[in-house]
Amino acid sequence: MKHIWKLFVMVMILFIVSACSLEGGDTKGTEEKGAKDDTAAKKIGISISTLNNPYFVTLKDSAEAKAKELGMETTTVDAQNDPAKQVSDIEDLIQQGVDILLINPADSSAIAAAINSANNANIPVITVDRSAEGGEVVAHVASDNAAGGKMAGEYIIEQLGEEAKVVELEGIPGSSAARERGAGFNEAIAAASGYEVASKQAANFDRAQGLTVMENIIQSTKDFKAVFAHNDEMALGAVQALNAAGLTDVIVVGFDATEDAVKAVEDGKMAATVAQKPDLMGEQAVEAAQKVLKDETVEEFIPVELELIK
């Protein structure tokens with residue numbers, strides 16, 4: 001009986017040792033899996049207002065290139081200038097489990113719904129180029145649009161002299177870029193004695209609409225000496241309309257410094273364009289995203305330098 005009891009004790013000891021060994025093996029596997037998850041590439045969701053504009057294509061390409069350089073994955077969606085589509089696109093990115101969102105709003109007010117959804121999912125948001133009017137954003141990467149608009153207005157005043165009437169082609173109503181660029185431009189015009197905005201119409205940051213709107217303005221009045229367009233696409237459309245009407249002495253100033261616009265300035269077809277440097281903007285947005293994901297501090301506003309190309 002004594003020998004049977006000893007055998008029973010030995011069997012129990014062996015069983016306990018085996019169980020501990022198995023448990024240790026499972027823990028190791030779990031730890032290895034956890035380590036793998038911690039080092040997995042972070043996923044950035046990028047929502048662009050439109051990829052039908054060279055400026056935003058450059059912004060997208062630079063952001064994706066910087067993310068690849070930093071070992072991060074990206075998924076980019078094109079809102080096609082449709083606020084409702086952009087909200088839907090961002091909801092999809094949230095469902096895909098992105099770690100952070102970079103959003104270039106089509107509409108600064110409408111985008112708030114999507115940002116609130118991201119907030120509820122604990123996904124940090126960084127806005128790029130255009131700001132949002134709702135939701136919690138950890139950082140905003142952009143040029144000072146108001147300063148750029150003022151820069152354009154002051155350059156026009158410098159070129160034309162004492163007094164003149166000017167035309168303003170506005171961007172998408174509701175976008176922060178249109179609102180801020182217009183505010184800066186009108187501040188400069190209001191401060192100059194003898195200057196007046198003869199006509200102000202929206203052409204939605206689009207070249208074809210810039211052409212059509214400029215044609216309509218020319219039909220109603222030719223009494224103006226300069227055109228300020230809130231972006232280069234509209235400015236290039238305006239140039240086409242002005243040339244067709246024989247108004248080659250009207251100076252045109254755009255905003256963004258796209259490749260086509262810079263060439264137009266070099267060729268003397270446009271007077272100037274305000275350079276925003278979208279490539280730098282995309283890079284800085286991704287660098288800020290990496291810091292946020294590492295729980296590092298980022299500034300609420302990350303400015304990108306402006307430059308007047310003339």
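Because the structure is a prediction, the values reported are computed rather than measured. Note that these values count all heavy atoms, side chains included, but never hydrogens, waters or copies made by symmetry. The first residue in the sequence is number 1, and the count goes up from there.
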In Å and rounded to the nearest 0.5 Å, what is the [atom1] to [atom2] distance from [X] to [Y]?
X: Leu293; Y: Asp99; atom1: CG; atom2: CG; answer: 6.0 Å
X: Gln290; Y: Leu70; atom1: CD; atom2: CG; answer: 4.5 Å
X: Glu64; Y: Ile46; atom1: CD; atom2: CD1; answer: 5.5 Å
X: Asn216; Y: Leu211; atom1: CG; atom2: CG; answer: 9.5 Å
X: Thr75; Y: Leu93; atom1: OG1; atom2: CG; answer: 6.5 Å
X: Leu280; Y: Glu287; atom1: CG; atom2: CD; answer: 8.0 Å

Does [X] reach the side chain of [Y], with side-chain heavy atoms less than 4.5 Å apart?
X: Thr221; Y: Lys165; result: no
X: Glu233; Y: Pro54; result: yes
X: Met270; Y: Val239; result: yes
X: Leu242; Y: Val227; result: yes
X: Gln240; Y: Leu236; result: no
X: Phe205; Y: Asn81; result: no
X: Gln276; Y: Asn145; result: yes

Full working for side chain to side chain donor-acceptor pair (under 3.5 Å) between Asn104 and Ser49: CA-CA 6 Å; Asn104 162 237; Ser49 60; 2.7 Å; yes

Going hydrophobic residue to hydrophobic residue with side-chain gaps under 4.5 angstrom, can you get from [X] over to [Y]?
X: Ile123; Y: Val137; answer: yes
X: Ile189; Y: Met151; answer: yes
X: Ile44; Y: Val292; answer: yes
X: Ile156; Y: Phe224; answer: no
X: Leu51; Y: Tyr55; answer: yes

Between [X] and [Y] (side chain of the first, backbone of the second, donor and acceptor by atom type, cut-off under 3.5 Å), is there such a pair?
X: Lys85; Y: Asp78; result: yes
X: Asp107; Y: Ser175; result: no
X: Asn231; Y: Met234; result: yes
X: Ser108; Y: Ser131; result: yes
X: Asp256; Y: Thr258; result: no
X: Ser88; Y: Ala84; result: no

Under 3.5 Å side-chain donor-acceptor pair for Gln209 and Asn204: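 Yes.
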
Side chain to side chain donor-acceptor pair (under 3.5 Å) assessment of Asp89 paired with Ser47: CA-CA 8 Å; Asp89 287 345; Ser47 175; 5.4 Å; no

Taking all atoms of both residues into account, what is the closest heavy-atom pair of [X] and [Y], and its distance?
X: Val286; Y: Ala63; value: CG2-O, 3.3 Å
X: Phe56; Y: Arg130; value: CZ-NH2, 3.5 Å
X: Ala241; Y: Ile218; value: O-CD1, 3.7 Å
X: Ile115; Y: Ala132; value: CD1-CB, 3.4 Å
X: Gly149; Y: Phe255; value: N-CE1, 3.6 Å
X: Ala121; Y: Ile94; value: CB-CG2, 3.8 Å

Exceeds 12 heavy-atom contacts within 6.0 angstrom, atom [atom1] of [X]:
X: Lys43; atom1: NZ; result: no
X: Lys277; atom1: NZ; result: yes
X: Glu259; atom1: CD; result: no
X: Lys66; atom1: NZ; result: yes
X: Asn116; atom1: CG; result: yes

NZ/NE/NH1/NH2 to OD/OE distance under 4.0 Å, Lys150 and Asp144: no

Identified side-chain hydrogen bond (donor to acceptor under 3.5 Å, both in side chains) partner of His230 from the options Arg181, Glu168, Arg179, Glu180: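 One option only clears the test, and that one is Glu168.
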
Qualifying residue for side-chain hydrogen bond (donor to acceptor under 3.5 Å, both in side chains) with Arg207, from Asn53, Asn52, Asp260, Thr212: Asp260

Partner of Leu59 by side chain to side chain contact (heavy atoms under 4.5 Å, CB included), out of Asp279, Val141, Val128: Val128

Hey, can you pull the donor-acceptor pairs under 3.5 Å for the side chains in residues 294-309, sequence neighbours left out?
none

The single option from Tyr195, Phe185, Tyr155 passing ring pair (Phe, Tyr, Trp, His ring centres under 6.0 Å) against Phe228: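 The option that passes is Phe185.
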
